[in-house]
Amino acid sequence: MRAPFLLRRKQADSVGVPGPQCGEPSFLTRAGMQEAQLSRRIGQKKRLLEAEEPGSDLHGAPTPSPTEPRLGQPASLGPQRSVYFSSPKSRSARLGSEFFDQPAVALARAFLGQVLVRRLDDGTELRGRIVETEAYVGPEDEAAHSRGGRQTPRNRGMFMKPGTLYVYVIYGMYFCMNVSSRGDGACVLLRALEPLGGLETMRQLRNALRKGTVGRALKDRELCSGPSKLCQALAIDKSFDQRDLAADTAVWMEHSAPGTREPAVVAAARVGIGQAGEWAQKPLRFYVRGSPWVSVVDRTAEQNTQSGPAVSICAHEAF
DNA sequence: CCACCGATATACT
DNA sequence: GTATATCGGTGGT
């Protein structure tokens with residue numbers, strides 16, 4: 001049962017990381033293998049992929065671009081000021097540093113509806129709307145990796161400037177992706193996306209890493225409905241740890257389309273927090289009410305949350 | 001729908 | 001050695 005998984009790993013190893021990117025850390029593990037593997041798979045299935053997804057997926061050549069200059073190009077110089085009112089002309093609604101500079105709870109809520117974008121080495125852009133997040137508020141938060149002010153090589157990203165990614169390995173085989181917020185040791189975990197573009201590539205990436213039967217096709221709802229699922233679907237791994245979401249060329253966040261209504265938000269207890277005492281109960285998980293893309297629905301929390309459809313909450317909501 | 005289980009890197013007792 | 005911000009398969013209700 002385990003054999004196919006190991007086998008795939010070995011094959012990927014022997015193929016090796018494409019590694020053309022200057023500046024990419026060379027200790028890439030999974031995602032490096034993912035992309036190597038994906039390139040091969042895409043080679044095989046290119047026609048299939050081209051048939052679907054008229055928009056953004058796979059317009060480029062399957063060969064990886066020679067370099068991926070990941071430091072200091074567009075975003076840091078660019079149109080930082082008008083994040084909220086970016087001109088209709090500039091296709092870039094990219095969120096800049098100032099957006100991430102909010103306390104964890106505010107940022108966790110503000111993320112809902114925004115679009116996470118991942119550009120692969122071959123130019124493929126994968127997109128998903130954020131529908132579920134969790135806030136980890138800092139050293140006082142017993143459920144946070146930064147509890148008690150702990151700082152280790154692993155969680156350093158939590159203490160870096162707002163917008164810094166904190167990607168860590170969980171249960172030995174999966175990744176979770178966080179964004180540092182304002183406040184030392186505070187961050188926001190991304191838990192679920194509504195996939196918007198590059199779904200077939202996401203399916204490939206997810207399938208490539210699944211153990212056991214390789215056969216069955218994943219439903220759209222299984223692509224990004226969980227913190228580690230979305231990392232698989234977007235090929236996010238440890239090499240993304242401590243990158244700047246406001247400046248990186250392979251991953252960034254875009255403001256939701258103008259005119260998009262604020263989603264009704266449910267506040268619920270965080271998932272997978274067992275031994276964190278009172279902190280385990282606090283409503284620090286936020287998700288879009290009614291979204292089918294959320295990983296775990298909490299009916300009780302939905303009843304206790306007074307927010308109905310967006311129209312009726314205006315008077316009462318106290319963000 | 002649910003409970004159980006195994007896989008297994010990292011931090012901590 | 002033990003716990004963990006998970007996932008997917010199996011088998012039950």
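Computed from a predicted structure; not experimentally measured. Every heavy atom of this structure was used, including side-chain atoms; hydrogens, water molecules and symmetry mates were not. Letters A, B, ... mirror the listed sequences (proteins, then strands); counts begin at 1.
- Under the side chain to side chain contact (heavy atoms under 4.5 Å, CB included) criterion, Ser228(A) pairs with Ile170(A), Tyr174(A), Cys176(A), sequence neighbours left out.
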Subject >> Watson-Crick and G-U pairing of DNA chain C written in dot-bracket, each distance under 3.5 angstrom, with | for inter-strand partners >> reply: ||||.|||||||.

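- Residue contacts shown for Met177(A) are absent, as no nucleic acid heavy atom lies under 4.0 Å away.
- Between the side chain of Asp220(A) and the backbone N or O of Leu199(A) there is no donor-acceptor pair closer than 3.5 Å.
- Paired with Asp141(A) under the rule salt bridge (charged side-chain N to carboxylate O under 4.0 Å, His left out), one option of Lys282(A), Arg147(A), Arg270(A) passes, and it is Arg270(A).
- The side chain to side chain contact (heavy atoms under 4.5 Å, CB included) test applied to Val296(A) returns Arg191(A), Val271(A), Arg285(A), not counting sequence neighbours.
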**OP:** Could you walk me through whether Asp298(A) and Val266(A) pass the side-chain contact (heavy atoms from CB on, under 4.5 Å) test, one step at a time?
**Re:** CA-CA 9 Å; Asp298(A) 186 333; Val266(A) 178; 5.7 Å; no

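- A donor N or O paired with an acceptor N or O is not found under 3.5 Å between the base of dA9(B) and the side-chain atoms of Tyr168(A).
- Comparing atom distances between the Ile273(A) side chain and each of dC7(C), dA5(C), dT6(C) picks out dA5(C) as nearest.
- Residues meeting the side chain to side chain contact (heavy atoms under 4.5 Å, CB included) test with Thr133(A), sequence neighbours left out: Ala108(A), Phe111(A), Leu112(A), Ile130(A), Val188(A), Leu190(A), Phe286(A).
- Applying the salt bridge (Lys or Arg N to Asp or Glu O under 4.0 Å) test to residues at least two apart or on different chains, the pairs with a partner in residues 171-182 of chain A are Asp101(A)-Arg182(A).
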Pull out every protein N or O sitting under 3.5 Å from an N or O of nucleotides 10-13 of chain B, one pair per line with the distance.
from, atom 1, to, atom 2, distance (Å)
dA11(B), OP1, Arg154(A), N, 3.4
dC12(B), OP1, Arg150(A), NE, 3.2

